[in-house]
Engineer: 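Quick one: the structure is below, questions incoming.
No experiment lies behind these values; they were computed from the predicted model shown. Chain letters run A, B, ... following the sequence lines, proteins first and then strands; every chain starts at 1.
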Protein chains: 2
Amino acid sequence: MDDRWRTIEELKRKATLQVLFRVARMLNEMGVKRIASIAPNTSLRPAHTSLFPHIPHEGIRLVDLAARMGISKQAVFQLVEDLVGEGMLMRRQDPSDGRSKLICFSDLGMEAIKRGLATLSKMEQELVLALGDQVMDQLRTSVLAVHDHLNRQEYKVKQA
Amino acid sequence: MDDRWRTIEELKRKATLQVLFRVARMLNEMGVKRIASIAPNTSLRPAHTSLFPHIPHEGIRLVDLAARMGISKQAVFQLVEDLVGEGMLMRRQDPSDGRSKLICFSDLGMEAIKRGLATLSKMEQELVLALGDQVMDQLRTSVLAVHDHLNRQEYKVKQA
DNA sequence: CTCTTTAGTCAAGCTTGATTGACTAACTAT
DNA sequence: ATAGTTAGTCAATCAAGCTTGACTAAAGAG
């Protein structure tokens, strides 16, 4: 065991962030697996579900959605098209602009989102059961603190 | 604001896991960006770096590495080939098997890993500075608790 | 000693998730 | 009214990250 490797092991042991990444990845995989098992949608891929967090209740225009996701409108178009085909999303005419349509959830889509969130919430409750209220409270408050800090920083960067 | 949507917003507010995912994603993106900025390796992609956590100091055989990552040995071969080309990894002859080679880090590779971990550690220290010792301690212990629990569960599943 | 299996390699091809370019219809500014 | 811009759409293309199949050399079983 040479010195270089020892340094690496030391750094790894201290890396809270690495543990955070791994935990997030494991939980995410677990969630995806569970949701897939209750609704075997062969045709809905990660790229599709990545749209969901960016679709507000009022709806959003294609170009704006693309801008928020940081990819081309053509790419988003195809994803939205698929989701409309599956009945998850719908396009309403934008009352204020004849060219544009407002992309929003259909009833079916909202039900699906609800089921997904419920699955996540169930996983969380299982963790509470296994690890106790206190640990999960600590996780919640500390993660939230980091979250808020990162958002404040991002805001500052955008202002500059 | 109809009832279905209100339920969704309620679920989201309670979802510690969603916040965890988002925080992990943001920090990860930040880390990748920083590391990329200090070492503009145009040719090393995420698929390559995903090998690193599975390569032990003693080295590992291609088939075993592929099994650990859950993908075909041919796919792993290409990635290893690229990394050997970049001087990050090297292949030693396996002393106990004439067919097999042990994939391990080169000196350059270990230096690169060290720099990556150091970057992560620096980000962590910045969080400590911004949020305080206490919050980061809470994050560390709670995330570690979840991590250990998930690993225990995975172990149990594998036993069954 | 032969037969089968296994480790690494090489080649071709596929799916996903994106891109760029072109086009139509609707809006906007002059 | 006309010229230029913008929103959505359609099509072709591309790179990443895999897969499957075929081959070789070494190892192991009978």
Side-chain angles (χ1 to χ4, degrees), chain A residues 25 28-29 32-33 36 40-56 58-86 88-104 106, chain B residues 25 28-29 32-33 36 40-56 58-86 88-104 106:
Chain A
R25 190 177 44 74
N28 190 51
E29 278 173 15
V32 167
K33 208 171 286 181
N41 293 314
T42 53
S43 47
L44 255 65
R45 284 163 287 133
H48 293 110
T49 58
S50 71
L51 291 188
F52 292 166
H54 302 110
I55 299 179
E58 330 82 67
I60 185 173
R61 302 192 313 173
L62 183 64
V63 274
D64 296 337
L65 184 52
R68 282 191 58 165
M69 308 222 313
I71 61 177
S72 67
K73 60 177 182 174
Q74 292 93 330
V76 177
F77 171 77
Q78 189 55 56
L79 297 173
V80 170
E81 187 71 0
D82 294 346
L83 286 166
V84 169
E86 297 286 333
M88 291 287 161
L89 301 181
M90 41 184 273
R91 288 187 259 238
R92 301 199 330 267
Q93 184 57 47
D94 184 342
S96 73
D97 189 332
R99 297 166 299 178
S100 123
K101 301 167 186 175
L102 293 176
I103 297 156
C104 54
S106 66
Chain B
R25 188 177 45 76
N28 190 50
E29 278 173 14
V32 168
K33 210 171 285 181
N41 294 315
T42 54
S43 48
L44 254 67
R45 283 161 289 134
H48 293 111
T49 58
S50 71
L51 292 188
F52 292 166
H54 302 109
I55 299 179
E58 331 82 66
I60 184 172
R61 302 191 312 172
L62 183 66
V63 274
D64 296 338
L65 184 51
R68 281 192 56 166
M69 308 222 313
I71 60 177
S72 69
K73 59 177 182 172
Q74 292 94 328
V76 177
F77 172 76
Q78 188 55 56
L79 297 173
V80 170
E81 186 73 358
D82 294 345
L83 286 166
V84 169
E86 297 285 333
M88 291 287 160
L89 301 181
M90 40 184 273
R91 287 188 258 237
R92 300 198 334 264
Q93 184 56 48
D94 184 341
S96 72
D97 189 330
R99 296 166 298 178
S100 124
K101 301 167 186 177
L102 293 176
I103 296 156
C104 54
S106 65

Engineer: Using whole Å, what does the distance between atom P of nucleotide D:dC10 and atom CD of A:Gln78 come to?
Structural biologist: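 Rounding to the nearest Å, CD of A:Gln78 and P of D:dC10 are 9 Å apart.
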
Engineer: Please report, rounded to the nearest Å, how far the P atom of C:dA18 is from the CG atom of A:Asp82.
Structural biologist: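 Spelled out: CG on A:Asp82 to P on C:dA18 is 12 Å.
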
Engineer: Return the set of residues passing side-chain contact (heavy atoms from CB on, under 4.5 Å) with A:Leu102 (not counting sequence neighbours), or none when no residue passes.
Structural biologist: A:Arg61, A:Arg92, A:Asp94, A:Pro95

Engineer: Please report, rounded to the nearest Å, how far the C1' atom of D:dG17 is from the CG atom of B:Leu51.
Structural biologist: 12 Å

Engineer: Under 4.0 Å between a side-chain nitrogen and a carboxylate oxygen: does that hold for B:Glu29 and B:Arg25?
Structural biologist: yes

Engineer: Pick base, sugar-phosphate or nothing for B:Asp97, based on heavy-atom distances below 4.0 Å to the nucleic acid.
Structural biologist: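 Sugar-phosphate, no base atom in range.
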
Engineer: May I ask you to say what A:Ala75 touches in the nucleic acid, namely base, sugar-phosphate or nothing, with a heavy-atom cut-off under 4.0 Å?
Structural biologist: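 The answer is base, as A:Ala75 lies within the cut-off (heavy atoms under 4.0 Å) of a base atom.
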
Engineer: Taking only the side-chain nitrogens and oxygens of A:Ser72, find out if one of them lies under 4.0 Å from OP1 or OP2 of C:dT19.
Structural biologist: yes

Engineer: State which residues pass side-chain hydrogen bond (donor to acceptor under 3.5 Å, both in side chains) with B:Arg99; sequence neighbours excluded, sorted by chain then number.
Structural biologist: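 Result, side-chain hydrogen bond (donor to acceptor under 3.5 Å, both in side chains) vs B:Arg99: B:Asp97.
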
Engineer: Taking for each residue the nucleotide of DNA chain D bearing the nearest heavy atom, is the 5' side occupied by B:Ile71 or by A:Lys101?
Structural biologist: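 That would be A:Lys101.
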
Engineer: Could you give the CZ-to-P distance, from B:Phe77 to D:dT24, as a whole number of Å?
Structural biologist: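 Atom CZ in B:Phe77 sits about 16 Å away from atom P in D:dT24.
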
Engineer: Using heavy-atom distances to pick each residue's nearest nucleotide on DNA chain C, tell me which of A:Ser96 and A:Ala47 is more 5'.
Structural biologist: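 That would be A:Ala47.
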
Engineer: So what does A:Gln74 hit on the nucleic acid, given a heavy-atom distance under 4.0 Å: a base, only sugar-phosphate, or nothing?
Structural biologist: base

Engineer: Check whether any side-chain nitrogen or oxygen of B:Arg91 sits under 4.0 Å from OP1 or OP2 of C:dT9, and answer yes or no.
Structural biologist: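 For C:dT9, OP1/OP2 do have a side-chain N/O of B:Arg91 under 4.0 Å.
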
Engineer: Check B:Met69 against B:Leu51 and note the closest heavy-atom contact, atom names and distance.
Structural biologist: CE-CD2, 3.0 Å

Engineer: Hey, is the side chain of A:Arg45 poking within less than 4.0 Å of OP1 or OP2 on C:dG17, counting only N and O atoms?
Structural biologist: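 For C:dG17, OP1 or OP2 has a side-chain N or O of A:Arg45 closer than 4.0 Å.
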
Engineer: Please give, in whole Å, the distance from D:dG17 C1' to B:Glu81 CD?
Structural biologist: 16 Å

Engineer: Calculate the interatomic distance between B:Leu62 atom CG and C:dC10 atom P; express it in whole Å.
Structural biologist: 12 Å

Engineer: Report the distance from atom CG of A:Leu79 to atom C1' of D:dG8, rounded to the nearest whole Å.
Structural biologist: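 In whole Å, D:dG8 C1' and A:Leu79 CG are 15 Å from each other.
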
Engineer: Looking at D:dT6, I'd like to know if its phosphate oxygens (OP1 or OP2) sit under 4.0 Å from a side-chain N or O belonging to A:Arg99.
Structural biologist: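 Negative; the distance criterion is not met.
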
Engineer: Output the distance between atom CD1 (B:Ile103) and atom CG (B:Leu62), rounded to the nearest 0.5 Å.
Structural biologist: 4.5 Å

Engineer: Atom CG of A:Leu65 to atom P of D:dT9: distance rounded to whole Å?
Structural biologist: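 Roughly 12 Å, once rounded to whole Å.
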
